[in-house]
Structure formats: structure tokens, C-alpha cells
Amino acid sequence: MAAIRRIVVVALVAAVALLLILLLFATLRGRPQDLPWTPLDLSQPVGLFTGRKIAALGDDAAKCHALLDQAGVRYTAIPSVSAGQCGYRDGVRFLPGGARSTRFAPTSPGIACPVAAALSVWEWEVVQPAARRFFGQRVVQIDHLGSYNCRNIYGRASGSLSEHATAKAIDIAGFRLEDGTQISVLHDWRDTHDKGTFLRTVRNGACDLFSTALSPDYNAAHRDHLHLDEAARGATGWRACR
């Protein structure tokens with residue numbers, strides 16, 4: 001029993017020390033978004049816990065909608081879908097104008113609200129800064145392969161449901177710049193110059209905002225897109241980035 005008590009005490013001391021370090025780190029940087037208990041603000045730069053806070057919005061549609069409103073994101077709520085284990089209740093679709101300026105093609109997808117929140121921050125804090133850095137211009141269009149799809153992972157006949165089955169995922173195929181330049185995951189991922197570097201940069205940035213960010217580096221099934229999802233894995237749940 002004494003040994004167990006010592007282990008418990010050491011664990012508690014370590015947890016408190018980690019908490020104090022985190023608090024000091026966030027305070028010195030002037031970044032409250034680096035703390036797990038501060039309110040989420042989509043207009044703030046990405047913090048250490050931003051991705052987990054966004055994923056948690058899946059449990060509170062009203063809060064998610066309020067955060068989109070607060071950040072100036074224009075959207076419309078879409079009707080709920082119920083199809084056995086598939087479906088969603090908090091779906092939204094981006095509208096033109098507002099704080100977001102990048103259109104989606106072929107159409108604006110219907111997505112779960114947390115995905116909309118993550119995509120908005122990704123545009124502001126990752127995609128557009130990377131485009132200006134590597135190309136000196138903005139991304140005006142994001143090409144996608146869809147969101148909601150009632151199916152299992154990889155479309156298998158059996159197994160776990162895909163996050164697409166609840167509209168908590170979207171597959172990004174490429175980007176278009178102001179001058180018409182196209183950047184394709186399928187054709188440019190292995191590029192060793194600006195296009196490939198841009199794609200890998202926005203994938204890395206997505207890892208801080210989405211529960212899952214998978215690219216051609218993961219497997220052949222993702223050779224033509226970035227799979228981004230907000231799987232519900234809890235406040236301390238694991239995150240997949242490849």
C-alpha cells in the first residue's frame with residue numbers, strides 16, 4: 001500500500017507541475033488559447049488545445065453556431081439526415097461573404113458544424129498564410145470530393161462507420177490561386193518545389209485543427225485527397241496526422 005501511495009503522490013505532483021508549466025507558458029506568450037479551460041474563439045490564432053475544443057463542439061450545436069456567428073462566418077443550417085446509423089443533426093453549408101472569402105467547388109458542401117469551424121480557422125490561419133508565403137497570392141477556391149456519405153471506412157462491406165457517415169469529414173482534392181494556378185493533391189503531392197511544399201504545409205496545419213488529417217503519406221487510398229475529420233475522441237483523445 002505504501003508503494004501505491006507513493007506512486008499516486010508522484011503522479012499528482014507531476015500533474016500539478018505540468019499544469020503550472022502550461023499556465024506559465026501560455027501566460028508568458030500572452031496566448032490564453034493555449035490553455036485547455038479557456039473559451040474557444042475562432043478568430044484567435046491556433047492554440048495548443050484549439051483542435052480539441054473544436055472537436056468537442058460536436059456535443060453542442062448551439063455553441064458551435066454561436067462561435068461561427070461570432071467569427072463572422074456566413075452559413076445556413078441544413079435539414080437533419082437520419083439513415084440508420086448514418087446521418088447528422090447539426091449540418092451547415094457555407095454562404096458567400098462574411099469573414100470567409102474562399103469558395104468551395106464543385107459546390108459548398110453540407111458539413112457538421114465542427115468541421116465548418118475547423119475549415120474556417122484552417123483557411124484564416126493556415127491556407128491563406130501558406131499561399132501568400134509560397135505564391136504571393138490568395139487561394140480563391142478549395143476543391144473537394146464531398147463530405148456526407150453513408151458508408152464504412154474505405155467503403156468496406158463491414159467494419160467501422162466512416163466519419164463521412166455523420167458529415168464530420170471532408171476530402172480536400174486541391175486549391176486554386178487568384179491567377180488560376182491549380183494545386184492538386186493527386187498531381188503535386190510529391191512535387192519538391194512550391195506546390196508540394198504548400199500541400200504538405202496545409203496538411204501539417206490541419207493536424208492542429210482536426211481530429212484526423214490523412215494525406216497521400218498515409219496510404220494509396222488517400223493519394224488524391226486530404227481527409228480531414230472531427231472524430232469525437234474526447235478532450236484528451238488521440239489525434240491522427242499523417
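The first residue in the sequence is number 1, and the count goes up from there.
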Hey, can you pull the donor-acceptor pairs under 3.5 Å for the side chains in residues 92-100, sequence neighbours left out?
unit_1, atom_1, unit_2, atom_2, d
R93, NH1, S108, O, 2.7
R100, NE, E123, OE1, 3.1
R100, NH2, T102, O, 2.6
R100, NH2, E123, OE1, 3.4

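Of the possible donor and acceptor atoms, none in the side chain of H222 sits under 3.5 Å from a partner among the backbone N and O of L214. With H144 contributing its side chain and T107 its backbone, the two residues share a donor-acceptor pair below 3.5 Å. When atom types are taken as modelled, the side chain of D143 and the backbone of A173 share no donor-acceptor pair closer than 3.5 angstrom. Formation of a donor-acceptor pair under 3.5 Å by the D60 side chain with backbone atoms of K63 is found in this model. Side chain of R138 to main chain of E178: no donor-acceptor pair is present (N/O by atom type, distance under 3.5 Å, no hydrogens or angles).
For the residue pair Q33 and T50, no side-chain donor N or O sits within less than 3.5 Å of a side-chain acceptor on the partner. One side chain, T38 or K53, offers a donor N or O that lies under 3.5 Å from an acceptor on the other. In the model, W189 has a side-chain atom that pairs as donor or acceptor with a side-chain atom of D217 under 3.5 Å. Remark: the S215 side chain and the R203 side chain contain an N/O donor-acceptor pair separated by less than 3.5 Å.
Looking at V81 and Y148, their side chains come closer than 4.5 Å, going by heavy atoms from C-beta outward. Side-chain contact between L186 and H225 is absent, with no heavy-atom pair separated by less than 4.5 Å. L177 has its side chain within reach of I183: a pair of non-hydrogen atoms, C-beta onward, lies under 4.5 Å apart. You'll find the side chain of V139 reaches within 4.5 Å of the side chain of Q128, heavy atoms only. With contacts defined as side-chain heavy-atom distances shorter than 4.5 Å, the pair R132/Q137 does not qualify. Within the 4.5 Å cutoff, side-chain heavy atoms of R103 are placed close to those of V140.
Within the model, atoms CG of D229 and OG of S162 stand 7.5 Å from one another, a figure rounded to the nearest 0.5 Å. Rounding to the nearest 0.5 Å gives a distance of 9.5 Å between CG of L199 and NZ of K195. Atom-to-atom distance recorded for D171:CG and D224:CG is 8.0 Å, nearest 0.5 angstrom. A distance of 9.5 Å separates CZ of R89 from OG of S82, quoted to the nearest 0.5 Å.
Listed by first then second residue, pairs satisfying disulfide bond (SG atoms under 2.5 Å apart) with a partner in residues 102-203 read C64-C113, C86-C150, not counting sequence neighbours.
The hydrophobic cluster containing L161, built from Ile/Leu/Val/Met/Phe/Trp/Tyr side-chain heavy atoms closer than 4.5 Å, comprises no other residue.
Using the six-membered ring where Trp is involved, Y75 and H65 have ring planes that are tilted, between 30° and 60° apart.
Aromatic ring centres of H227 and Y218: separated by at least 6.0 Å.
Atom CZ of R151 sits in a crowded spot, with more than 12 heavy atoms from other residues, nucleotides or ligands closer than 6.0 Å.
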